[in-house]
Protein chains: 2
Amino acid sequence: MATIYQVSELAGVSLATVSRVMNGNTRVSEAKRTKVLEAMKELNYRPNSIAQSLASNCTNSVGLLVSELYGPFFGEMMSGVEGELRAAGKHVIVAAGHSDEASEKDAIEFLISRKCDALILHVDAVSDQYLLELNQSGTPVVVINRSIPGLMENCICLNNQLGGYLATKTLLEMGHRKVAYVSGPMWKTDVRDRVAGHRRALQEFDCVVPDSLFIEGDFHEEGGVKAMLQLLQQPEPFTAVVCANDEMACGVMNCARDNNLDVPGDLSVMGFDNVIMSRYTFPHLTTIDFPSGEMGRMAANWVRQHIYQDSKKPVQNLFEPTVVMRDSVRGLA
Amino acid sequence: MATIYQVSELAGVSLATVSRVMNGNTRVSEAKRTKVLEAMKELNYRPNSIAQSLASNCTNSVGLLVSELYGPFFGEMMSGVEGELRAAGKHVIVAAGHSDEASEKDAIEFLISRKCDALILHVDAVSDQYLLELNQSGTPVVVINRSIPGLMENCICLNNQLGGYLATKTLLEMGHRKVAYVSGPMWKTDVRDRVAGHRRALQEFDCVVPDSLFIEGDFHEEGGVKAMLQLLQQPEPFTAVVCANDEMACGVMNCARDNNLDVPGDLSVMGFDNVIMSRYTFPHLTTIDFPSGEMGRMAANWVRQHIYQDSKKPVQNLFEPTVVMRDSVRGLA
DNA sequence: ACACTTTGTGAAAGCGCTTACATTTGTAGC
DNA sequence: GCTACAAATGTAAGCGCTTTCACAAAGTGT
């Protein structure tokens, strides 16, 4: 592999000049510039970005930490981040945090040691305090789907409260009153927000729902099945169930069918996230759209703005969820 | 951020000694070692891996190029790769190739300029020749799901032919004879392998199927719907349809239902890949398992063996698909 | 006691770039 | 032609590590 030194020699100029034509930040005479470019082409020169990073103290790489690398939700998000950053010539280093504090911290350390210029994080387990300190300590951080007091500028959030509200309100407007709720793990902030929205909608409609129609699930399909079984075993009747994500909604629908309940004839089911799969289920799932790809792109845009100063697109910190009407919900006659 | 120099000063030893305790490849007296470790802890020292990379000519990072960052298939694969490599303290730099030649080459250039120690590639568009030259030119390459003559040692493949064979054979054994086939894009090698397996199974059962029961799809759900419509419009009867992936199988099932066909009562549907979603469809999809996560892990293991020499697990180049029986297939009485 | 290994350590030369600073060259004004 | 200043270019000092080499200290065998 050719080095800058060989290029400078072939072009008959100094190292510095070659560096300057590469970076284009200082003026170089047209004559030398073309000479250098020719030499580069002839030697098939490609700058060693490691050396560039060391010298310039800028790695042109950003760390991306998600809970899991698989799953439709993170896939779209990562895709958004990568697309936007690669268009800007930046590298994406990925890691998975598995929603576990030790693992998340470990991954962050890992990314920092690689001297990422910034970190894009989707984390549940580490504390707000930790993230604040992290950002203070010199590694700029942008956080997806979590709002951190004192760091709001760096957060790209979905209005989860509104999402929860819309989900339940949609059903209430269609005449449902006995609305069950299958939540995610309550230690997650976004989960609590969704629940809060749900409660707000109920209140608005003066609707009181017994506690036994509220189940804390685990965000997985099996959790949805279990939750539905639990609902069927308790005495309170219900005509609809709102789920905190699409996977659990799938489980609920499958379990309902196994118990000879028709969806949406006997039971309406509402999901949350609008993952790709929700279009393919039977019946097609009515859900709340979570623009994860766009939010990923926006996080990357934040980095381009604040770290690389190469984007003029404004940063949108808060995204609004919308209802996606499909076939798993039906109005009460 | 503390540097090695400050550590050496605090510990009262030379730079070299600090480096040696970090790398552990040379003997250092116990006394100095502990002094150094204490100094490191006190300064909260973390080696600058960029500088390490430049000096040692080893970046401890491997490039991972997949067709798309989203989708269950790649998600599992990436997850496998990342898990295995991070356990070894290596970084994963990801990029998406979008099954487009220019884009794939661009991404590879991108990863090379970052001086990845190796590349793990899932690519469809670039030529075998290109990959051979790439590997020759100093960047070790491991290729997933594609067999390249002259580079077989570096390929981690699924026996797609066998998969195609098993899919169709399963139906034939259950008494089906009018078996339609919805293929993927025929320019992909794995697609052709699956078709070849399908044909072999038909031949083995002396089963002749009219051409109109063979449709070339696009691997997407909509493609499955379109293919099914096309099948319904042609005159030949059929009792089963084999799909080259699960997404299209979903489309086929949805379209069948829309046309008042019961799956599996009136029509059996077979998928391929066993993506997570296939467990949640209605009816649950019978399919061929593609161990993408394990193959990703194996690709990473290949790198650990050949590049970092830190794994003793043997490399398995060829994986065997298996049939996953669920509810979308039923025997003919 | 000697010569000879072995072991631990430090000095210093890079790795391939960027960039502050020094130097040269070009240009305009007089 | 000379000065004054700007533009273009070169020089060299890092960036934070690894690693070769030299050398001193400490064992070994005779």
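For clarity, every value in this text was computed on a predicted model and none was experimentally measured. Per chain, numbering begins at 1; letters A, B, ... match sequence-line order.
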Problem - Sugar-phosphate, base or nothing in reach of N57(B), heavy atoms under 4.0 Å - result: nothing

Practice task
Would you mind checking if D117(A) and K90(A) are paired as a salt bridge, meaning a charged N to carboxylate O distance below 4.0 Å?
Solution key: no

Exercise for the section: Would you indicate what V13(B) reaches in the nucleic acid, counting non-hydrogen atoms under 4.0 angstrom: base, sugar-phosphate, or nothing? Expected result: sugar-phosphate

Handout entry: Atom-to-atom span, NZ of K35(B) to P of dG8(C) - whole angstrom
Key = 16 Å

Handout entry: Any donor-acceptor N/O pair under 3.5 Å between dG8(C) base and R33(B) side chain
Key = no

Practice task
Could you tell me the separation between the CZ atom of F74(B) and the OG atom of S79(B), rounded to the nearest 0.5 Å?
Solution key: 14.5 Å

Exercise for the section: Look at the side-chain N and O atoms of Y5(B) and state whether any lies under 4.0 Å from the OP1 or OP2 oxygen of dT18(D). Expected result: no

Exercise for the section: Report the distance from atom OH of Y45(A) to atom C1' of dC17(C), rounded to the nearest whole Å. Expected result: 7 Å

Practice task
When you get a sec, tell me which of dT19(C), dT18(D), dT20(D) is the closest nucleotide to the side chain of N25(A)?
Solution key: dT19(C)

Practice task
Report the distance from atom CD of E9(A) to atom P of dG16(C), rounded to the nearest whole Å.
Solution key: 14 Å

Completion exercise
I4(B) CD1 to dT19(D) C1', in whole Å, measures 12 Å

Practice task
Return the value, rounded to whole Å, for the distance between atom CG of N23(B) and atom P of dG16(D).
Solution key: 17 Å

Completion exercise
Closest to the 5' end of DNA chain C, once T17(B) and L15(A) are matched to their nearest nucleotides, is T17(B)

Exercise for the section: Name the nucleic acid region contacted by T3(A), choosing base, sugar-phosphate or nothing; use a 4.0 angstrom heavy-atom cut-off, strictly under. Expected result: sugar-phosphate

Practice task
Rounded to the nearest angstrom, tell me the gap between atom NZ in K32(B) and atom C1' in dT9(C).
Solution key: 6 Å

Handout entry: Whether N135(B) side chain and V141(B) backbone form a donor-acceptor pair below 3.5 Å
Key = yes

Fill in the blank from the handout: Walking DNA chain D from its 5' end, the first of L54(A) and V28(A) to be reached, judged by nearest nucleotide, is V28(A)

Problem - Nearest listed nucleotide, side chain of A51(A), among dT18(D), dC17(C), dT9(C) - result: dC17(C)

Practice task
Would you please confirm or rule out a distance under 4.0 Å between OP1 or OP2 of dG16(D) and any side-chain N or O of K115(A)?
Solution key: no

Practice task
Determine, for E109(B) against K105(B), whether the closest basic-nitrogen to carboxylate-oxygen distance falls under 4.0 angstrom.
Solution key: no

Exercise for the section: Tell me what S29(A) touches on the nucleic acid: a base, only sugar-phosphate, or nothing, going by heavy atoms under 4.0 Å. Expected result: sugar-phosphate

Practice task
May I ask you to evaluate whether S14(B) reaches the phosphate of dT9(C), defined as a side-chain N or O under 4.0 Å from OP1 or OP2?
Solution key: no

Practice task
Could you tell me the separation between the CG atom of N160(B) and the CG atom of L318(B), rounded to the nearest 0.5 Å?
Solution key: 9.5 Å

Practice task
Would you please confirm or rule out a distance under 4.0 Å between OP1 or OP2 of dA7(D) and any side-chain N or O of R27(A)?
Solution key: no

Fill in the blank from the handout: N48(A) atom CG is separated from dG14(C) atom P, nearest whole Å, by 18 Å

Handout entry: Residue mapping more 5' on DNA chain C - nearest nucleotide basis, A16(B) or P47(A)
Key = A16(B)

Handout entry: Spacing of R20(B) atom CZ relative to dG10(C) atom C1', expressed in whole Å
Key = 7 Å

Handout entry: Backbone N/O of L15(B) and side chain of S19(B): donor-acceptor pair under 3.5 Å
Key = no

Practice task
Please state whether the phosphate of dG16(C), meaning OP1 or OP2, lies under 4.0 angstrom from any side-chain nitrogen or oxygen of Q52(A).
Solution key: no

